[in-house]
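When a ligand or atom number is given, it counts from 1 through the structure's own listing order. From a predicted model like this one, the values you see are computed outputs, not experimental measurements.
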Amino acid sequence: NRRLAWAFKKSDDLSLYNEAVIFFDNIKKNQNLEQLIERHYGHTRNIKYVGNCTFRLHLQSHLPQYQQLFQDAADKHEFDWRLLAAISYQESHWDKEAVSPTGVKGLMMLTQATAEQLNVTDRTNPQESIFGGALYLKQRLKKIPARILEPDRTWFALASYNIGFGHLEDARIVTQKLGKNPDKWIDVKQSLPLLTKQEWFSKAKHGYARGKEPVIYVDNIRSYLDLLLWYTSNKQFQESSTMSTISDQNNI
Ligand code: BLG
């Protein structure tokens, strides 16, 4: 943790300083400051976990095999490929054979039911999994009310990808009941965990849900996305990624 400060030119004229004090008072009162902090730092409390060297190792050892597929699927559905790659890292650590104890499988961890709905026949096939996951995310996005703007729209779609649209709707209703804004991720992320509490899930349409999971899920994806944006904008990454593609083609 580092504290931030604003610096002002030393002067007898305090008018700028006074305006700044009023400005910060206002954005604290109307919660704009809280929104800004959530938008830029809300997901970084897990950064110790994602900022370790495993991610960097996987970036070199696993990502190059799938990068083109992420790019193709992203082009088809108008996403940033790094968002799809971040989801896949959260889901499977870019392991195409990944399987959960409940049988959820593949790079994008599709359930059997979701795979059937998407016409995915082999969930361990990277192309089918990535294109299926991208289509499913697109469908989730379309279900989010149009008045919810980016980036919250994407965070809602991700939560729905993970926990299902019904439970997300329940959490939004809880948010409303608590007098908060059901269209803001910053508020809904506080209500989702309440779906584990009988007091709340007994009144929810879709019942009990492991509501803490989508909150961690979205935070982690945001952190992976930040890291991917950072690494891929770095010239060295671009060179090493091209090199690994060339050496793959030559079976080196
Ligand atoms: C998601 C499905 C949603 C489904 C929810 O589960 O899977 N998403 C995908 O298949 C992409 O369709 O919503 S529903 O159709 O409305 O019911 C809820 O059932 C997947 C989640 C589950 C989770 N990962 C993608 O995020 C997972 O792997 N859970 C493992 C649980 S355990 O470790 O086996 O206990």
Item to check | Part of Y136 within contact of ligand 1 (heavy atoms, under 4.0 Å) | outcome: side chain
Next on the checklist: Suppose I only count heavy atoms of L110 and a 4.0 Å limit; which atoms of ligand 1 are within that range?
Outcome noted: 10 (O), 11 (C)
Next on the checklist: Determine whether a donor-acceptor pair (N or O, by modelled atom type, separation under 3.5 Å) exists between the side chain of E128 and the backbone of G132.
Outcome noted: no
Return all side-chain donor-acceptor pairs below 3.5 angstrom for residues 156-166, not counting sequence neighbours, or 'none' if the list is empty.
residue, atom, partner, partner atom, Å
Y161, OH, M108, O, 2.8

Item to check | Listed once per pair and sorted, the side chain to side chain donor-acceptor pair (under 3.5 Å) pairs that draw on residues 192-202, sequence neighbours left out | outcome: none
Checklist entry - Which is it for Q90 and ligand 1 at heavy atoms under 4.0 Å: side chain, backbone, both or neither? => result neither
Next on the checklist: Looking at Y224, I'd like to know if the NZ or CZ of R222 sits under 6.0 Å from its six-membered ring centre while staying within 45 degrees of the ring's axis.
Outcome noted: no
Checklist entry - What part of E91 sits under 4.0 Å from ligand 1 if we count only heavy atoms: the side chain, the backbone, both or neither? => result side chain
Item to check | Backbone or side-chain N or O of S160 under 3.5 Å from ligand 1 N or O | outcome: no
Checklist entry - Is the Y66 to H62 ring centre distance short of 6.0 Å? => result no
Next on the checklist: Heavy-atom pairs closer than 4.0 Å: do any link ligand 1 to the side chain of V104, the backbone, both, or neither?
Outcome noted: side chain
Next on the checklist: As an exercise, identify every atom of ligand 1 less than 4.0 angstrom from a heavy atom of Y217.
Outcome noted: 26 (O)
Checklist entry - Counting heavy atoms only, which part of T102 comes closer than 4.0 Å to ligand 1: side chain, backbone, both or neither? => result both
